[in-house]
Amino acid sequence: MGGVKEINDGTRGRVPSTISDGTRGRAPSTSEGVWGNYPVIMHLDMDAFFAAIEQSIQPSLKGKPVIVGGDPDSRGVVSTCSYEARNYGIHSAMPMKEAHRLCPDAVFVNTTGDKYSYMSAQVVIIMKRFSPAVEPVSIDEAFCDITAIHKRYGGPEKTAQAIKQAIKEELNLTCSIGIGPNRSVAKIASGSNKPDGLVIVPHDSVKQFLWVRPVDHIWGVGKKSAEALGKVGIKTIGDLAKTPEKTLKAMFGIMGLGLVRMANGEGETDVRASHVEYEAKSMGHEHTFDKDTNDRERVLGLLLYLADRVSRRLRQTGCVGRTVTLKVRKSNFKLITRAITLSANIDTEKEIFRAARKLLIDNRFLDEPIRLIGVNISHLKKSESERLDDFLIDYDPTKKRRELDKVMDGLRDKHGEEAIFFASSQIF
DNA sequence: TCTGGGGTCCTATTTCTG
DNA sequence: TCTGCAGAAATAGGACCC
């Protein structure tokens, strides 16, 4: 567990070991020199992030199985769990009921993401002290381009160790870091020695590092793709690398070509600094009923609540959208989506609800019990350029509603999301 | 028997438009 | 006015990620 690992030529007793291609007589890969002019890309992945934060906040939870997710009696699943819980066979995405059965004495935590977002931001701040090129890719991981700065700290390994140490000392959290000549290799490396690991893969050791690993270690190859590849005898990344592009293109289209390239150690090296504005392409909310239902009032009540949540986020981010998608999961777990594209951009709860309700009614979704419904809006644009100023829209029949939304937004900003809500949205 | 919620991207098919 | 065509846009579904 943990420690520094570099892929090497098998030289015995070298600690830390270093990944290399077996070339004799050259400098160890730990030295900065081996990277030459190659990019040095770091991927940092926090260990059991949410659970570790809970353990950090409440020291009494240290060493105990901690499971973060929904209510253990609900239909929720495990969001993440501590390594102690993983010893019981518990893992992310496992139904909470199953997790509870495996470890009834675990500490179950069901909290909001605010503190997790805060800690995530702190991690990014620490990384930026070392390099400005930090690109968060989710709440618990980020890429960092250290090509230009690693020499200042004595090479990639020492840079990574300094970052790990800062996170440990300042946030009391551990992370795993992978370093490689591109994003794909760095990402696989960071996941290969968790928790608290550090794996460094210089450019000349990439194939040795990758080819022995199962094919689903490649980013973008999930369960289905791994199954499909397995059926034609492709089990490892090495198998994938040696497969003709033609075969993979026939199986996966243009994605197949990308897979071969990744298997051969090629990949993106661009790290987009986080100050570059991120623009969401869609926003949505969904909810699973405690019990499947086609009770009209309950379903419409939830639909109104979801439309309200979506419209609130649109206004918070200053966006409007044009396509409303209704998502329905039936009792048999089958997922159906229906979308409608409107002639104008919208952002009010009433407009979103009206479109979603039309999709619900027109498609006769209330004819049988529903497990989940979701409301999503896409074709997003910044609202300033799309909407007329308030003084120009006196004739707009939705203006009063928008004013009401503004008042509600203000109350929620001040007193929290539950401060005010539509009565009809609370019956689900 | 159980399977959340919030996203992105890709593909195939259908519909619209010039 | 009708038809055929091509490209764009919309739609639906699936896979994947955390």
C:dC16 OP1/OP2 closer than 4.0 Å to side-chain N/O of A:S225:
yes
Any strand is fair game: report the nucleotide pairing with B:dT15 by Watson-Crick or G-U wobble, both distances under 3.5 Å, or none.
C:dA8
Determine the interatomic distance between P on C:dC18 and the same-named atom on B:dC2; round to the nearest Å.
28 Å
Counting N and O atoms only, with roles assigned by atom type, does the side chain of A:Q55 sit under 3.5 Å from a partner on the main chain of A:K64, one being a donor and the other an acceptor?
yes
Expected rows: protein N/O vs nucleotides 12-14 of chain C N/O, under 3.5 Å:
from	atom 1	to	atom 2	distance (Å)
C:dA12	OP2	A:A339	N	2.5
C:dA12	O3'	A:R338	NH1	3.4
C:dG13	OP2	A:T337	N	3.0
C:dG13	OP2	A:T337	O	3.2
C:dG13	OP2	A:R338	NH1	3.1

Please give, in whole Å, the distance from B:dC10 C1' to A:K281 NZ?
14 Å
Applied to residues 66-100 of chain A, the ring pair (Phe, Tyr, Trp, His ring centres under 6.0 Å) test, sequence neighbours excluded, yields A:H100-A:F108
Under 3.5 Å, which N/O atoms of the protein pair with N/O atoms of nucleotides 6-9 of chain C?
none

Scan A:N376 against the nucleic acid and name what it touches under 4.0 Å (heavy atoms): base, sugar-phosphate only, or nothing.
nothing
Could you give the CZ-to-C1' distance, from A:F49 to C:dC18, as a whole number of Å?
12 Å
Whole angstrom value for the distance that separates C1' of B:dC2 from CG of A:D73
15 Å
Are the side chain of A:R322 and the backbone of A:L342 linked by a donor-acceptor contact shorter than 3.5 Å?
yes
When rounded to whole Å, the NZ to P distance for the pair A:K194 and C:dC18 reads 10 Å
Answer for the Watson-Crick or wobble partner of B:dC9, both distances under 3.5 Å, is C:dG14
A:V78 and A:A99 have their tightest heavy-atom pair at CG2-CB, 3.8 Å
Is it true that A:T341 and A:T323 share a donor-acceptor pair across their side chains at a distance under 3.5 Å?
yes
Identify the pairs formed between an N or O of the protein and an N or O of nucleotides 11-18 of chain B at a distance under 3.5 Å, and give each distance.
from	atom 1	to	atom 2	distance (Å)
B:dT11	OP1	A:I254	N	3.3

Report the distance from atom NZ of A:K327 to atom C1' of B:dT8, rounded to the nearest whole Å.
12 Å
Just by distance, do the side chain of A:S92 and the backbone of A:S79 share a donor-acceptor pair under 3.5 Å?
yes
Give me, pair by pair, the N or O atoms of the protein and of nucleotides 3-5 of chain B that are less than 3.5 Å apart, along with how far apart they are.
from	atom 1	to	atom 2	distance (Å)
B:dT3	OP2	A:R371	NH2	3.1
B:dT3	O5'	A:R371	NH2	3.3
B:dG4	OP1	A:R371	NE	3.4
B:dG4	OP1	A:R371	NH2	2.8
B:dG5	OP1	A:H287	ND1	3.4
B:dG5	OP1	A:T288	N	3.1
B:dG5	OP2	A:T288	N	3.1
B:dG5	OP2	A:T288	OG1	2.3

Integer-rounded Å distance: B:dC10 C1' and A:L259 CG:
12 Å
When we call it a touch if two heavy atoms are under 4.0 Å apart, what does A:M283 touch: a base, just sugar-phosphate, or nothing?
sugar-phosphate
Name the one of A:V134, A:T147, A:I163 that satisfies side chain to side chain contact (heavy atoms under 4.5 Å, CB included) with A:M42?
A:I163
So, are A:D239 and A:K235 salt-bridged, with charged N and O less than 4.0 Å apart?
no
Starting at CG of A:D216 and ending at C1' of C:dC17, how long is that distance when rounded to a whole Å?
13 Å
Gap in Å between the two C1' atoms, one belonging to B:dC16 and one to C:dG4, rounded
15 Å
Need the glycosidic conformation of B:dC2: syn if within 90° of 0, anti if not. Which one?
syn
Least distance between heavy atoms, A:P136 atom then A:A142 atom:
CA-CB, 3.7 Å
Suppose we define a pair by two distances each less than 3.5 Å, Watson-Crick or G-U wobble; what does B:dT3 pair with here?
none
Report, one line per pair, each donor and acceptor closer than 3.5 Å where one atom sits in a side chain of residues 244-271 of chain A; sequence neighbours left out.
from	atom 1	to	atom 2	distance (Å)
A:N264	ND2	A:V260	O	3.0

By the definition side chain to side chain donor-acceptor pair (under 3.5 Å), identify the one residue from A:N193, A:D47, A:D45 that meets it with A:S176.
A:D47
Answer yes when A:D290 and A:R298 have at least one side-chain N-carboxylate O distance shorter than 4.0 Å, and no when they do not.
no
Charged N-O contact under 4.0 Å between A:D196 and A:K164:
yes
Please tell me whether A:Y116 and A:E54 have a donor and an acceptor in their side chains that are separated by less than 3.5 angstrom.
yes
Can you measure A:H217 atom NE2 to C:dC17 atom P for me and round it to whole angstrom units?
11 Å
Considering only NZ, NE, NH1 and NH2 on the basic side and carboxylate oxygens on the acidic side, decide whether A:D216 and A:K223 come within less than 4.0 Å.
no
